[in-house]
Participant: 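Submitted below is the structure of interest, expressed as structure tokens.
Bear in mind the structure is a predicted one, so any value in this text is a computation, not a measurement. Whatever order the structure lists them in is the order used to number ligands and atoms, beginning at 1.
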Amino acid sequence: MRLGATLGEGLRVEGRDGAHTRATARVIEALAGASRDLAEVIATPVMGESLGAKLGSDNSDGDQQRKLDLVAEDLCRDALRGAGVGPYLSEETEGPLTLDPAGSLAVAIDPLDGSSNIEVNGVIGTIFSILPAPEAAKADPGLAFTQTGRAQIAAGFFMYGPQTRLVLTMGDGVDVYALDRAQGEFRLVESGVQIPAGCAEYAVNASNHRYWREPVRRYVDDCSQGADGPRGFNFNMRWTGSMVADAYRILTRGGLFLYPGDSRRGYEQGRLRLIYEASPVAFLTEQAGGAAIDGQTSILDIPPSRPHARTPVIFGATDEVDICQQYHQVPAATPGDARARLGAGV
Ligand code: FBP
């Protein structure tokens with residue numbers, strides 16, 4: 001079934017907020033159009049300067065911008081302009097903007113997630129979050145982005161891999177669509193996705209091991225000891241460098257993702273941005289029966305301190321997130337004792 005039909009015919013129209021349903025469908029269709037165009041750009045070979053070329057400019061958060069980051073930003077923003085969106089916040093904008101003063105919805109977006117994968121033809125994505133636009137946001141669009149992730153009406157991501165896929169929640173489960181390139185349409189391929197329980201795989205950038213704080217180091221060390229360690233199981237490890245690809249794998253076959261805060265300058269709260277990276281993925285994860293925390297608190301309950309605020313992120317199968325959370329609760333002073341205490345629950 002086509003995306004437009006599932007939105008239009010109301011498979012998910014009740015969503016969390018009936019009043020916003022039609023407006024939400026319009027925004028999702030606009031994003032799907034932008035993503036289809038972006039998929040085409042990505043798939044088209046260009047001679048000379050690559051889409052991954054660094055531009056010498058930084059985005060709002062100090063990351064080097066690449067050519068494709070700006071192409072993606074332009075496509076998404078242009079598509080949303082005529083789709084009833086008021087407040088707009090992107091990884092590529094300095095701060096919140098107003099697209100349509102009469103818009104009833106707010107959109108936060110990372111137009112191009114996984115930028116470092118562009119030049120290696122790896123999986124990249126677009127992550128989005130759709131929120132209600134409070135009346136007061138007409139005068140100050142930033143107010144729309146002070147809401148916690150619980151306020152999200154819909155969220156999802158597009159991933160540009162062997163297939164272009166859309167993973168979407170409107171607060172009533174998670175659906176997956178695949179782009180039919182010949183027809184130029186997204187088609188429903190899976191409904192009601194549930195993250196499998198248990199954990200055979202974890203995802204973390206292990207090159208940061210020396211910068212991690214105690215709880216994360218103990219958790220990962222215990223996993224990496226495999227069957228000989230306290231977890232008694234030979235875990236596999238996967239890190240794609242693109243959260244959408246890791247998130248999709250976890251939605252499909254379970255596991256855990258971690259991007260913790262660490263001692264590097266600027267990484268005290270990790271790398272991922274709360275409003276347009278962590279919150280939408282947390283919403284999808286919870287809707288698929290999983291959990292997403294910053295170590296202690298549910299990502300969806302964290303109030304944003306500023307538009308581009310970062311947060312440590314741990315998400316995946318609920319039982320494994322619970323185990324990882326226990327490592328954050330057990331006092332770090334006596335790792336041996338802590339492990340012994342965890343032993344019962346591990
Ligand atoms: P960008 O939005 O700048 O691409 O950063 C997000 C991200 O690429 C995630 O998709 C990924 O999980 C993480 O950064 C990888 O970070 P690192 O290179 O530190 O492993």
Participant: May I ask you to check if Arg2 and Tyr177 form a cation-pi contact, with NZ or CZ under 6.0 angstrom from the six-membered ring centre and within 45° of the axis?
Facilitator: no

Participant: Hey, could you give me the CD/CZ distance between Glu40 and Arg181, rounded to the nearest 0.5 Å?
Facilitator: 5.0 Å

Participant: With sequence neighbours excluded, tell me which residues meet salt bridge (charged side-chain N to carboxylate O under 4.0 Å, His left out) with Arg249.
Facilitator: Glu201, Asp246

Participant: With sequence neighbours excluded, tell me which residues meet side chain to side chain contact (heavy atoms under 4.5 Å, CB included) with Pro312.
Facilitator: Gln269, Asp294

Participant: Hey, are Asp100 and Arg81 close enough for a salt bridge, meaning a charged N less than 4.0 Å from a carboxylate O?
Facilitator: no

Participant: Under a 4.0 Å heavy-atom cut-off, which residues neighbour ligand 1?
Facilitator: Asp63, Glu91, Asp110, Asp113, Gly114, Ser115, Asn205, Trp239, Gly241, Ser242, Met243, Phe257, Tyr259, Arg271, Leu272, Arg273, Glu277

Participant: Can you name the residues that form a ring-ring contact (aromatic ring centres under 6.0 Å, His included) with Tyr211, not counting sequence neighbours?
Facilitator: none

